[in-house]
K.L.:
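Sharing a structure here in structure tokens format.
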Amino acid sequence: MIDTTLDAGFTNVLMMIREVGKTMLRPAGLEADRSGSPIPEDHPMFVAFNRTGLSFGAVGTGKHSSGDGPSRVNRAAILAAEEMAYWDQGACMSLPGPGLGAPPIRILGTEDQKQRFLVDPFADKSKPAWGAYATTEAAAGSDVARIRTTARKEGDHYILDGDKMFITNGARASWVVVFATVDPEAGRAGQRAFVVEKGTPGFTLGRIEKKMGLTASETATLFFENCRVHEDNILGSKNGKGSDKAGFKAAMSTFDITRPMVAAMAVGIGRCAWERAAEIARDAFGDKPSNPLEQKMLERLAFARRRLDAARMLCWRAAWKMDHRENNTVEASMAKVYAPPAALLTTQLAMDVCGLAGVRNDLLVEKCFRDVKVFDIFEGTGEVQRIVLARRLFGYPRTH
Amino acid sequence: MIEFGTTEEEQLFTETAVRFGDEQLRGDEREHEKARQYPETLHKLFAELGLAGINKKDAGLQASHRIAVWSALAAADPSAPFGLDPIGPGGALLGDLPDGMGFVVVEPGLEVADGLATGTIAWIPRVRLDWLLLIHKDGLHLVRQPPWEPLTSRPCGLQASGGLEVALDETPCELVGGQDMAAAVLAECRLLAGSVMLGAARDAHDAAAQYGQERVAFGKPIAHHQGLAFQLADSATDLDAAQLLLEASQGHPGMVANAHAHSCEVAQRICERAVQVLGGHGYLYDHRVEKRMRDVRATASLYGGSMLSELDAAASVLDFPDPLEMAS
């Protein structure tokens, strides 16, 4: 049985997000895109968002919402992710909160660390605050085992040295979860996660990246040079000795939650472009094409729509499995490998439908086109997803 | 409310179809193809198990369930849903039809006027024909005892279902349903065809994936070479995506048309890819993938084919419902 209707609970989530999207995300995102810079930290939208009381911190905990039935939180999160991206994913990524830094702290952190990093900095709603997550380096993206940022123990501190790249909200964050290696030869087994707080000596900001899309979101390069981090800020294995496979595995399992969400975001952007193109087609000729070109437009819209609808179903299925506490690694990767190309294709076809006007940034579809490409890159590229699937389905060997 | 589970009843029914396929069809698939028909005992067993006419209103089976049953049968032998169900999904939906074996046809070249139908239907996967349902622009027309002949040539696929050709020459027909009924019947037929193609493609993909893990080249299983591994991963994803799309399309003829067009595209690509994975072996009758490729190609031509589906989808795409929009 497949049921794609939304009950009152899901509809309420959607309505709240829609309001935020319409009144905050879309205007701020467009403003940032046209200015070419991320939404500034002091933008009134952030305080206004905090006042809504909305929080996405519970996403992915798998906890039951009520009674003994399956959780609904992942399905709600999937809907929220698509809807927010529909309005503006760049602005969504800039929203205050612990961001991608939350899952490793939630999974690996002590109660004290959770209080210090997930609760205290965000308590004052009038002062927006951010957290960040830093794994990627210039020479280590998908292949996380290759990271070269080192952590050397000295007394009750660790000394971090290295550079991190593509860090969302990295410049404005109160703290950053930084992955570094205590033993470069040990690959993933040598890696540890540290929470590095803003102002820590040796932690400096590089440049804010200029990107093709998602302009509203700040993407920073961070430098760590002789950066002393107290051992109280290490996540998981405090003494840093030996491997912590359980912790690493737990951290990796967050992908089963986040990948369908990222895929759903791509669907949201694709839907935004599709609806704009459909609106333009409807205004131009209703549903009765009068020439072969108009007929072709409708065929293209149908072509894109079937891919987009299928992508959404893959996302929803992955979330549904997670809510039912079933392993969803395959389903999560399927959603992630399928949705971004489907959404990119949709934005391209939408631009075609709009003709030359589609190239201009005042119709939105070209912004969707620029925004969506990166979804096939971050959170595990399409190629990485195919490796995950091949390992799970056909015994594709691990190389390390 | 965003559900993807299956009920116990649905599981049991699907398992029945899988068992029937494995025990009665799979081993004799080539024999049935050669005979260009199924033995009477199989027809009888198919009916006894309740696998015929499963979309009848009183059967109470949802579209996703029917898709699962038809796909399971097609995985064992894509001809079976066409060759063993005498009335097919169109007939089951309409009910109150003459006894015997019938088929639903969408043939743009047919002329229907003043209760008379004229034109030829070049291929129908049946061993005999007691009635025909013609889907025409003004509705659904029934032709009783249509003049049929066995095919003089051999169809590329679905051979076990038989093969007929029909020449209508001002043959009497009666309007038995309006445009809405015609659209509903066509949607049901497209669901069947989509299910068959995806079931067959999944079987071809499974065969290719298994072969890929056994066949060694350059020191390791060929499925462990990245070029092939990625293709197989894409096939698995595309299959799930197409099946979910087909299941989610129920209730809206335009969306069913869109899902059917997608099934045609995906299933043909995956079957071709499966043959490619097996290399020269894939081209031989020794393996089932070549037959899956032929059967899917033939199925994709039924009920107006993918081109008509694309046009039908395009005609209503601006009105497709979206659950997220409906929530507002």
Side-chain angles (χ1 to χ4, degrees), chain A residues 1-7 9-11 14-15 18 72 75 78-79 82-83 86 271 275 278 281-282 286-287 289 295 297-303 305-307 309-314 316-317 319-321 324 330-331 333-334 337-338 342 383 385-390 393-397, chain B residues 1-7 10 62-65 67 209-210 212-213 220-221 223-224 226 228-234 236-238 240-250 254-255 257-259 261-262 265-266 310-320 322-328:
Chain A
M1 181 191 73
I2 186 167
D3 182 356
T4 60
T5 55
L6 305 185
D7 62 16
F10 289 137
T11 301
L14 201 59
M15 291 302 102
R18 191 162 289 171
R72 293 162 56 92
R75 280 171 286 178
I78 278 282
L79 288 172
E82 179 185 327
E83 189 65 18
Y86 172 89
R271 175 162 67 92
E275 284 184 10
R282 200 177 281 117
D287 57 358
Q295 172 63 34
M297 285 181 191
L298 290 178
E299 285 172 30
R300 289 202 150 202
L301 283 169
F303 182 82
R305 179 64 184 263
R306 50 187 177 254
R307 278 157 179 75
D309 283 355
R312 180 190 278 160
M313 287 303 108
L314 287 171
W316 287 13
R317 182 181 64 165
W320 179 87
K321 287 199 85 170
H324 285 72
V330 165
E331 289 77 9
S333 282
M334 282 183 171
V337 78
Y338 191 89
E383 288 71 25
Q385 306 312 317
R386 289 176 175 90
I387 288 174
V388 171
L389 289 171
L393 300 175
F394 324 120
Y396 188 77
Chain B
M1 84 119 184
I2 310 186
E3 282 293 333
F4 290 83
T6 51
T7 65
E10 287 174 347
Q62 290 212 1
S64 56
H65 184 197
I67 289 166
Q210 188 183 342
Q213 291 172 82
K220 56 184 177 183
H224 296 175
Q226 198 176 70
L228 199 57
F230 279 20
Q231 288 187 43
L232 289 170
D234 281 344
T237 304
D238 287 345
D240 278 17
Q243 181 143 349
L244 288 168
L245 182 70
L246 197 63
E247 290 176 10
S249 70
Q250 58 178 305
M255 292 178 79
N258 216 20
H262 193 59
E265 177 199 329
V266 167
E310 285 170 20
L311 287 173
D312 286 350
S316 61
V317 67
L318 297 180
D319 301 319
F320 280 8
D322 183 327
L324 267 64
E325 284 307 302
M326 289 163 75
S328 57

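The basis for the numbers below is simple: all heavy atoms, side chains too, and nothing from hydrogens, waters or symmetry mates. Throughout, protein chains are lettered first and strands after them, A, B, ... in sequence-line order, and every chain is numbered starting at 1.
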K.L.:
Can you tell me if B:Ser249 uses its side chain to pair, donor with acceptor, with the backbone of B:Leu246 under 3.5 Å?
P.N.:
yes
K.L.:
With a distance cut-off below 6.0 Å to the six-membered ring centre and an angular limit of 45° from the axis, does A:Arg72 pair with A:Phe10 as a cation-pi contact?
P.N.:
yes
K.L.:
Under 4.5 Å heavy-atom distance to chain A, tell me which part of B:Ala315 shows up: side chain, backbone, both or neither.
P.N.:
backbone
K.L.:
Can you find a side-chain donor-acceptor pair between A:Tyr86 and A:Glu275 that sits under 3.5 Å?
P.N.:
yes
K.L.:
Once you round to the nearest 0.5 Å, how far does CG of B:Leu245 lie from CG of A:Asp309?
P.N.:
6.0 Å
K.L.:
Do you know which of A:Thr4, A:Leu314, A:Leu298, A:Ile2 has the most heavy-atom pairs with chain B at a distance under 4.5 angstrom?
P.N.:
A:Ile2
K.L.:
What residue in A:Arg305, A:Glu383, A:Arg271 has the most heavy-atom pairs under 4.5 Å with chain B?
P.N.:
A:Arg305
K.L.:
For A:Arg300, is it the side chain, the backbone, both, or neither that has a heavy atom closer than 4.5 Å to a heavy atom of chain B?
P.N.:
neither
K.L.:
A:Trp320 versus chain B, heavy atoms under 4.5 Å apart: side chain, backbone, both or neither?
P.N.:
side chain
K.L.:
Looking only at heavy atoms and a cut-off of under 4.5 Å, which of B:Gln213, B:Lys220, B:Glu10 has the most pairs with chain A?
P.N.:
B:Gln213
K.L.:
Which one wins on heavy-atom pair count under 4.5 Å against chain A: B:Ala236, B:Ala229, B:Gly5?
P.N.:
B:Gly5
K.L.:
Against chain A, work out which of B:Asp319, B:Thr6, B:Asp240 has the most heavy-atom pairs shorter than 4.5 Å and name it.
P.N.:
B:Asp240
K.L.:
Under 4.5 Å, counting heavy-atom pairs only, tell me which of A:Ala390, A:Ala319, A:Gly395 racks up the most with chain B.
P.N.:
A:Gly395
K.L.:
Any non-hydrogen side-chain atom of B:Leu311 less than 4.5 Å from a side-chain atom of A:Gln295?
P.N.:
yes
K.L.:
Using non-hydrogen atoms and a 4.5 Å limit, figure out which bit of B:Gln231 sits close to chain A: side chain, backbone, both or neither.
P.N.:
neither
K.L.:
Check whether any side-chain heavy atom of A:Met334 sits under 4.5 Å from a side-chain heavy atom of A:Arg317, and report yes or no.
P.N.:
yes
K.L.:
So for B:Gln210, is it side chain, backbone, both, or neither that comes closer than 4.5 Å to the heavy atoms of chain A?
P.N.:
neither
K.L.:
Taking only residues two or more places apart in sequence, or in another chain, which ones meet A:Phe303 in a ring pair (Phe, Tyr, Trp, His ring centres under 6.0 Å)?
P.N.:
none
K.L.:
Does A:Glu82 use its side chain to pair, donor to acceptor, with the backbone of A:Ile78 at less than 3.5 Å?
P.N.:
no
K.L.:
Heavy-atom distance under 4.5 Å to chain A: side chain of B:Glu247, backbone, both or neither?
P.N.:
both
K.L.:
Pick whichever of A:Leu393, A:Ile387, A:Val388 has the most heavy-atom pairs under 4.5 Å with chain B.
P.N.:
A:Ile387
K.L.:
For the pair A:Arg312 and B:Asp322, find out whether any cationic side-chain nitrogen is under 4.0 Å from an anionic carboxylate oxygen.
P.N.:
yes
